[in-house]
Amino acid sequence: MTRDDIPDLILTNARVLTMDRHSPGAEAVAVKNGRIQRVERNSDLRVSTSGKVKVIDCGRGTLMPGFHDAHMHLLAYAASLLAVDCRPSSVNSIRDIALRIGERASHTPKGEWIRATGYDETSLRECRHPTRRDLDEATSLHPVRLDHRSGHASVLNTMALERVGIGDSFSEPPGATVERELDTGSPSGLLLEMQDYLENRTSAHSVKEIESSVRVASKILLAHGVTTVQDATHHNSVSRWDFLGNLIKSAGDLPRVTLMPGYRHLPAFLERGLHFGSGGPRLRTGHVKIMVTASSGSSTPDKSELALMVSECVESGFPVAIHAVEAEVVRSAAEVIAAAASDDVSSLHRIEHGSECPPDTLEVVARSAAKVVTQPSFVYQNGDRYLSTVDSGMLPHLYRVGSFMERGIEVAFGSDAPFGGPDPMHGISSAVERKTASGRILAADESIGVLEALESYTAASARASGIGGKVGTIMPGLHADILLFEEDITSARPERLIGLRPVMTMLGGRVVSES
């Protein structure tokens, strides 16, 4: 054995889940220069350590690849940690929301923005959205933006509406809705699909605050075993790329990030010379994110516009990730992807969410060869609301997993944080049990096994990003992004899955989180 063959680190005495179906079971992993060197049985791994090789005895625990969140919003998640928490677990009424915002206002300088997040009108005692008048009761001396837990609605108080230029004569952008008071015709404060408009008009946090919060968010993600994230924010710009690039250089232990350029920012990325897969192992460009919604009653953009957008992306060398929740939008996205020109990126096109997928739509998705990136954790987090508000005919077809896999559709998992919790075990448990927070079952036929769920949060997520040869499995040559669980995670009782945490997270062969 030459010096070049001697590893830096050996993880031994473990059950190794490689997440590669063609790889036999193993008990030890050797790491060199941040990459996996060998995956073997204990008895086959012989090295001359000469006191320089670090050896970690895993105590018959389980080694597996780091989790790969295929759809989340890193900067929004970081910002949510700074905002007033108005999630259902924290508030029960509009009065509670006002009290929380008022408390924040009491130590916020007059005129500065206050951000609040996570409300769900169906969980509030009043069973309605708050209005500007409700938020005015909390404070009339600060502009307030309260975001819905879905990310598709916001409520602004009167000062905030004035700050962003939304008044009686305001005309909504295509696909957006400004709700108005019946008696006055003035904006009520509730805005639907207005995120793009609000993005650069409601900044509440300094660059230093966001940098600090990204570090906190990264610690949380790494503690949950998330070593790679794909930021699927549809207004991702070159400035966000620069911000993350600078932060990664200075901050150290952040998960690997794939940033999806927003469609309207694609020309700026190309002008900078940033193409699909540009960057390095810590930060790279991913799919172009395209938003399609039907909240205004019709799809925006419509199918013909969407086809032109996809064609433009493909011609620029980018695969697309199309936001599609409603059944008609999922179908249109699949049809456009199926009709798109075939080239080097055509096998990577994705449908994000695929939330409503009745049988006829399922067949269209299967024929399109698109991958589906979905959020099974929403079954647990939002399932009780779905059971009470969604038409009974659609309930069996919500957030499918099993049917996708049976039809040969590759499925990857993401959290959609901050609109869902960032813990992968919630998604894995939901994919296996299909239980809501109250313990009811939603679409039991869509259940899959633990190993299949783990693969969807590791290897399948990496393939959906186009980096399956770099992360997502424990195989020679890949980055040593590895988790250690104390027990055999594949045989854990389903009800135990949510409580499981890795006792060690490694990123590039370095321990970045321990418990």
Side-chain angles (χ1 to χ4, degrees), residues 71-80 83 113 115-117 129 143-156 160-167 169-180 187-205 210 230-244 259-271 285-302 305-306 308-310 312-313 318 320-326 329 332-333 352-353 416-419:
H71 182 118
M72 60 100 68
H73 308 272
L74 180 59
L75 296 182
Y77 174 55
S80 75
W113 278 93
R115 293 286 295 269
T117 62
H129 293 279
V144 178
R145 173 178 171 179
L146 168 64
D147 289 327
H148 193 270
R149 70 185 301 180
S150 68
H152 294 280
S154 299
V155 184
L156 273 60
L161 289 170
E162 292 172 353
R163 284 274 186 96
V164 302
I166 297 177
S169 60
F170 180 80
S171 297
E172 296 96 327
T177 301
V178 175
E179 186 184 76
R180 297 181 180 273
S188 72
L190 176 63
L191 313 176
L192 304 177
E193 305 297 351
M194 290 280 286
Q195 296 84 354
D196 280 347
Y197 181 85
L198 296 176
E199 174 63 16
N200 295 317
R201 293 175 170 88
T202 59
S203 177
H205 307 299
I210 293 294
Q230 298 181 51
D231 190 310
T233 307
H234 72 281
H235 43 249
N236 276 337
S237 61
V238 170
S239 63
R240 284 178 167 235
W241 168 269
D242 291 338
F243 174 84
L244 281 172
L259 186 85
M260 294 186 185
Y263 168 74
R264 65 187 178 92
H265 295 285
L266 177 58
F269 277 84
L270 294 172
E271 184 177 345
T285 52
H287 295 58
V288 171
K289 177 67 180 295
I290 299 176
M291 285 287 293
V292 185
T293 63
S295 59
S296 62
S298 60
S299 294
T300 306
D302 63 25
E305 293 172 307
L306 178 61
L308 290 173
M309 294 165 75
V310 171
E312 181 183 346
C313 295
F318 280 86
V320 297
I322 302 175
H323 171 101
V325 171
E326 303 86 356
V329 177
S332 292
E352 307 297 300
H353 308 299
D416 205 18
F419 311 115

Is there side-chain contact between [X] and [Y], with heavy atoms separated by less than 4.5 Å?
X	Y	result
Ser80	Thr117	yes
Val178	Met194	yes
Thr202	Arg115	yes
Val238	Glu271	no
Val292	Pro301	yes

Taking only residues two or more places apart in sequence, or in another chain, which ones meet [X] in a side-chain contact (heavy atoms from CB on, under 4.5 Å)?
X	answer
Thr285	Trp241, Phe269, Leu274, Ser278
His148	Tyr119, Asp120, Glu121, His129, Ser150, Ala153
Ser154	Arg145, Asp147, Leu156, Leu198
Leu270	Leu266, His275, Ser316, Phe318

| message | Main chain of Ala232, side chain of Lys289: is a donor-acceptor contact present, judged purely on distance under 3.5 Å? | response |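 Side chain of Lys289 to backbone of Ala232: a pair is present.
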
| request: Please answer whether the main-chain N or O of Val329 pairs with a side-chain N or O of Ser332 as donor and acceptor at a distance below 3.5 Å. | output: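 Not confirmed, Ser332 side chain does not pair with Val329 backbone.
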
Apply ring-ring contact (aromatic ring centres under 6.0 Å, His included) to [X] and list each qualifying residue two or more places apart in sequence or on a separate chain.
X	result
His152	His323
His71	His73, His353
Phe243	none

Atom [atom1] in [X], atom [atom2] in [Y]: separation rounded to 0.5 Å?
X	Y	atom1	atom2	answer
His265	Leu259	NE2	CG	10.5 Å
Glu193	Met291	CD	CE	5.5 Å
Tyr197	Phe170	OH	CZ	4.0 Å
His235	Gln195	NE2	CD	8.0 Å
Ile290	Met309	CD1	CE	4.5 Å

| Test salt bridge (charged side-chain N to carboxylate O under 4.0 Å, His left out) applied to Asp302 - qualifying residues, sequence neighbours left out |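 For Asp302 there are no salt bridge (charged side-chain N to carboxylate O under 4.0 Å, His left out) partners, ignoring immediate neighbours.
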
| request: With sequence neighbours left out, write down each residue that passes salt bridge (charged side-chain N to carboxylate O under 4.0 Å, His left out) with Asp231, or none if nothing qualifies. | output: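 None.
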
| task | Show your reasoning for whether side chain to side chain contact (heavy atoms under 4.5 Å, CB included) applies to Leu190 and Thr177. | result | CA-CA 8 Å; Leu190 176 63; Thr177 301; over 6 Å; no

| task | For the pair Glu162 and Arg201, find out whether any cationic side-chain nitrogen is under 4.0 Å from an anionic carboxylate oxygen. | result |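 A salt bridge is absent here (no side-chain N lies under 4.0 Å from a carboxylate O).
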
Counterpart residues, side chain to side chain donor-acceptor pair (under 3.5 Å), relative to [X] (two or more places apart):
X	answer
Glu179	Ser188
Ser237	Ser239
Glu312	Tyr263

| field | Where Pro261 and Gly286 come nearest, the two heavy atoms and their spacing | value |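 Reported closest heavy-atom pair: CD-O, 3.6 Å.
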
| field | Least distance between heavy atoms, Val288 atom then Cys313 atom | value |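 Val288 and Cys313 have their closest heavy atoms at CG1-SG, 3.6 Å.
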
| task | Carefully, step by step, assess Thr293 and Leu192 under the rule side chain to side chain contact (heavy atoms under 4.5 Å, CB included). | result | CA-CA 11 Å; Thr293 63; Leu192 304 177; over 6 Å; no

| query | Which is it for Leu191 and Val155 under the side chain to side chain contact (heavy atoms under 4.5 Å, CB included) test, yes or no, and what are the steps along the way? | reply | CA-CA 6 Å; Leu191 313 176; Val155 184; over 6 Å; no

| query | Could you go step by step and tell me if Arg240 and Leu75 meet the side chain to side chain contact (heavy atoms under 4.5 Å, CB included) rule? | reply | CA-CA 9 Å; Arg240 284 178 167 235; Leu75 296 182; 3.8 Å; yes

